[in-house]
Amino acid sequence: MAQDLQDLHQKASEAMAEGEREKAIELYNKILEEAPGDEIAHGQLMDLYFDTDKFKYYLMRANYNIVNQKIEHAINDTKKALNLDAESIDARVKLARLYRISNKNLKAIDEFNKIIELEPKYREGYLELINLYTLEDAKESAVGIAKKAVEEFSNNEGGDTELKNILAKLYFDTGCYDLALEVVSDDFLKAKILLSDGKNDEAKAVLDNIHAGNKDQKAAKNLLLAEYHYNKSEYDNALSVIDEYIKTMGPDAVSFQMKALCFEEKGDKFNAAVHFGYMKKAQGKNDEAVVEFNHAHSLNKKDKNVLIELANLYMGLGEKYTAMDFWNAIYELDNDINAKEVLGEFYFAEGDYRMAEKYGKMREDKNMPDSNNKAYTEAEDEDEGLIEKIIGFFTRK
């Protein structure tokens, strides 16, 4: 415990010993400002309110149970507090959030609806409800709450632009593009809506006026420009803009997908399959990536990058013999020295010394028994090191 907190605890204990209840409460609350999870402070506050304020006592006990990860007990304590004061916003917010972290979303929704009825200006309640309705795939309800929020805060200077953009995004997600355009104020979102609505030239005019000041804005603008060129069937221009995006953000699932779609439209089935493979790999869907790269391989048996991807993917999936077929194909393609070493290590670990020698892996002791006499338990012990070596050789492009 930091010295400052120790000092506060000492002062709070002294205040309690001297019967200075309000001072002790003040000091323990100060401790919680510095260390919200301080169990002692929560416990002492709970005791301080026990005889004097049952409402606060139950809230303090709820906090104590939260700190100790006893969420159901905390829910029950908060309900007891609400039995004493049903209009307490603090208690209702606590109960709603406890329901939310317990994945009781429908109960959380009920509580947040009660909160905004009691306090229509509680902005956070609207945001919580929108998120919860979205999680529950109740998009129309989310739209209704967002509209209510925009109306409630319309008297703010210029209105509440964040809430307007949230409503616009919800309209966009439900396909109500005209309604979205009526309320949207964010230019990036506006351009996205226009592109989805087929209003490509209007979207381009918006994009041309956007000053992308930081990395994320540059990336977002490039993605939208790529979508614009794709919509206009200008696939080479779209690919060029995606390359600019990659320079900013690095390759990712989105960039691979957009490239794949462009190649698909250009009729380049091989590159489309390759980039769909990279997309699946970036998403961690290696089984699906194998399917895409195999499709690419069927279209071009000699592409070394595809062979390497398949070898690595099969090895990662534990299909080492299939992986070795691809390492062998890589070696036969151009006598790749790394593929040769991988194959040598593999056959040596398998105990097939004749094949290992073919790939340059020699036995140090010529008197060692031949292939089929080596114990496979030894081969299995060596196999883990082999996988690491393979990954080290072929994580390059």
Checklist entry - Among Glu124, Arg97, Lys107, whose side chain to side chain contact (heavy atoms under 4.5 Å, CB included) with Phe112 holds? => result Arg97
Checklist entry - Between Glu14 and Lys11, does at least one N-O distance fall below 4.0 Å, as a salt bridge requires? => result no
Checklist entry - Would you call Arg100 and Glu128 a side-chain contact if the rule is heavy atoms closer than 4.5 Å? => result yes
Checklist entry - By salt bridge (charged side-chain N to carboxylate O under 4.0 Å, His left out), which residues pair with Asp236, not counting sequence neighbours? => result Lys266
Checklist entry - Between Tyr57 and Tyr49, is the gap from one ring center to the other below 6.0 Å? => result no
Next on the checklist: One thing to verify: whether Lys192 and Asp173 come together as a salt bridge, which I'm taking to mean a side-chain N less than 4.0 angstrom from a carboxylate O.
Outcome noted: no
Checklist entry - If you measure from the Lys or Arg side-chain nitrogens to the Asp or Glu carboxylate oxygens, is any gap between Asp336 and Lys340 under 4.0 Å? => result no
Checklist entry - With respect to Tyr359, which candidate in Phe346, Tyr331, Tyr353 satisfies the ring pair (Phe, Tyr, Trp, His ring centres under 6.0 Å) definition? => result Tyr331
Item to check | Ile109 and Lys114, any side-chain heavy atoms less than 4.5 Å apart | outcome: no
Checklist entry - Do Tyr126 and Asn131 meet the criterion of a side-chain donor-acceptor pair at a distance under 3.5 Å? => result no
Checklist entry - Do the charged groups of Asp334 and Lys304 touch, with an N to O distance under 4.0 Å? => result yes
Next on the checklist: Which residue is it: Lys70, Lys56, Arg61? I am looking for the one with a salt bridge (charged side-chain N to carboxylate O under 4.0 Å, His left out) to Asp77.
Outcome noted: Arg61
Checklist entry - Taking only residues two or more places apart in sequence or in another chain, which ones pass side-chain hydrogen bond (donor to acceptor under 3.5 Å, both in side chains) with Asp186? => result none
Next on the checklist: If we count only N and O atoms by modelled type, under 3.5 Å, do the side chains of Asp252 and Ser255 hold a donor and an acceptor together?
Outcome noted: yes
Checklist entry - Charged N to carboxylate O below 4.0 Å: is that the case for Lys280 and Asp287? => result no
Checklist entry - Among pairs that include at least one residue of residues 86-96, which meet side-chain hydrogen bond (donor to acceptor under 3.5 Å, both in side chains), considering only residues two or more places apart or in two chains? => result Asn63-Lys94, Arg92-Glu111
